[in-house]
Amino acid sequence: MMTSFLSRLSLVIAAMVFPVSLVLAAASYNIELEAANNDIRDKESLQRGAVHFANYCMACHSAQYMRYNRVARDLGWTDEEVVEKLAFGQRLPVDHMMSFMEDGVSESKFGIEAPDLSLMARLKGNDYIYTFLRGYYLENEGVWEPGNWNNKVLEGTSMPNVLESFQKHSSPEEYEQVTRDLVNFLDYIAEPNKVERWDLGWKVILFLLVLLLLTYLLKREYWRDVKH
Ligand code: HEC
């Protein structure tokens, strides 16, 4: 009886721990990741990241859980501005941020569907995406040809080096800025109310601490005259 209970219990514990170990395994990469050091409170960086995202990523990728008007509200644009800046006036403010590529084209061109990027920052982490975007290198040094690119994070990736022009023509600081702004925007869309949650969290903890103090004082008051 006891042993069957124990074995069942260990099964339950194993079932609870297993997914965690899978996540931990998925999170370990064989190269060292660079720190993205992005800041989702920096609205200017988010605005730049959004425009880069529209210009350099949405040809292939969607952010299907975001709407243009939500981005406008959070980043300080009007509805007209957001569709102008991010969709060249071709979308409505209420539209989801869907890729400009037609279904199936990615698969036929790259052999794989370009993944939706709404939740990518939560799935892979900011540092991963930052290192991935900056991880393109020329296999034969000095030969700047599309087929000559590889990526140290995702070897043999089918995503082209879309930031090639920045990598080639900008200063290292500008290139760093562009990639950091992009990661910042991806971090933001993965959880648009993160800043609000952080700010509220402190207030809730402060409230609970005050409440703890009050309830403690109340308890002392109630028990003051009781002999125990
Ligand atoms: C020309 C099409 C194209 C463009 C433009 C493009 N991507 Fe991709 N992207 C892909 C494809 C295809 C994959 C799948 C790659 C693979 O699994 O090898 C991918 C995968 C990714 C991944 C997931 C990598 C992983 O580890 O699974 C991220 C993150 C990403 N892209 C970010 C971006 C960002 C940010 C931009 C804009 C700067 C961008 N992509 C522009 C085609 C594109």
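Quick note: residue numbers are just sequence positions, from 1. Note that this is a predicted model, so its numbers are computed, not measured.
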ask   = Is the Phe185 ring parallel, tilted or perpendicular to the Tyr188 ring (thresholds 30°, 60°)?
value =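 Correct class here is tilted.
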Search all heavy atoms of [X] against all heavy atoms of [Y] and return the closest pair with its distance.
X	Y	result
Asn69	Asp79	CB-OD1, 3.7 Å
Pro160	Phe110	CG-CE2, 3.7 Å
Ala63	Ser118	C-OG, 3.2 Å
Arg91	Met98	NH1-O, 2.7 Å
Ala50	Leu75	CB-CD2, 4.1 Å
Pro192	Asp74	CB-OD2, 4.0 Å

Just how far is it from atom [atom1] of [X] to atom [atom2] of [Y], taken to the nearest 0.5 Å?
X	Y	atom1	atom2	result
Asn184	Lys43	CG	NZ	12.0 Å
Glu174	Thr179	CD	OG1	11.5 Å
Phe100	Ser62	CZ	OG	9.5 Å
Phe53	Ile189	CZ	CD1	5.0 Å
Ser171	Glu176	OG	CD	9.5 Å
His52	Asp181	NE2	CG	5.5 Å

request  = Apply salt bridge (charged side-chain N to carboxylate O under 4.0 Å, His left out) to the pair Arg180 and Asp42, showing each step before the final yes or no.
outcome  = CA-CA 11 Å; Arg180 176 164 302 126; Asp42 182 348; over 6 Å; no
ask   = With no hydrogens and no angle check, is any side-chain donor or acceptor of Arg67 less than 3.5 Å from a backbone partner on His96?
value =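 Absent.
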Membership question, hydrophobic clusters at under 4.5 Å side-chain separation (ILVMFWY): are [Y] and [X] in the same one?
X	Y	value
Leu206	Val195	no
Val162	Val105	no
Leu117	Met101	no
Val94	Val71	no
Tyr137	Met159	no

ask   = Is the Lys NZ or Arg CZ of Arg70 less than 6.0 Å from the centre of Tyr65's six-membered ring, within 45° of the axis?
value =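 No, a cation-pi geometry is absent between Arg70 and Tyr65.
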Under 3.5 Å, is there a donor on one side chain and an acceptor on the other for [X] and [Y]?
X	Y	result
Thr157	Asn151	no
Glu84	Trp77	no
Glu139	Asn148	no
Asn126	Asp187	yes

Any chance [atom1] of [X] has more than 12 other-residue heavy atoms, nucleotides or ligands included, within less than 6.0 Å?
X	atom1	result
Lys109	NZ	no
Glu102	CD	no
Glu32	CD	no
Glu44	CD	no

Hey, are the side chains of [X] and [Y] touching, using non-hydrogen atoms and a 4.5 Å cut-off?
X	Y	value
Tyr68	Lys85	no
Asn150	Tyr136	no
Phe132	Asp127	no

ask   = Which of these, Met58, His61, Gln64, sits in a side chain to side chain contact (heavy atoms under 4.5 Å, CB included) with Met97?
value =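 Going through Met58, His61, Gln64 one by one, the side chain to side chain contact (heavy atoms under 4.5 Å, CB included) with Met97 is satisfied by Met58 alone.
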N/O donor to acceptor pairs below 3.5 angstrom from side-chain atoms of residues 207-221, sequence neighbours left out:
unit_1	atom_1	unit_2	atom_2	d
Thr215	OG1	Leu211	O	2.8
Thr215	OG1	Leu212	O	2.9
Glu221	OE2	Arg224	NH2	3.3

ask   = Between Arg134 and Glu34, does a side-chain contact (heavy atoms from CB on, under 4.5 Å) hold up when you go through it step by step?
value = CA-CA 9 Å; Arg134 300 168 58 76; Glu34 290 176 67; 3.4 Å; yes
task = Just do the side-chain contact (heavy atoms from CB on, under 4.5 Å) check on Ser45 and Asn38 with the steps written out, would you?
result = CA-CA 9 Å; Ser45 157; Asn38 62 304; over 6 Å; no
request  = Test side-chain contact (heavy atoms from CB on, under 4.5 Å) on Leu133 and Ile129 and set out the steps.
outcome  = CA-CA 6 Å; Leu133 291 178; Ile129 299 177; 4.2 Å; yes
side-chain contact (heavy atoms from CB on, under 4.5 Å) assessment of Thr131 paired with Ile31 = CA-CA 10 Å; Thr131 318; Ile31 64 149; 4.1 Å; yes
ask   = Salt bridge between Glu164 and Lys168, side-chain N to carboxylate O under 4.0 Å?
value =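 No, no charged N to carboxylate O under 4.0 Å.
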ask   = Can the ring centres of Phe166 and Tyr175 be said to be less than 6.0 Å apart?
value = no
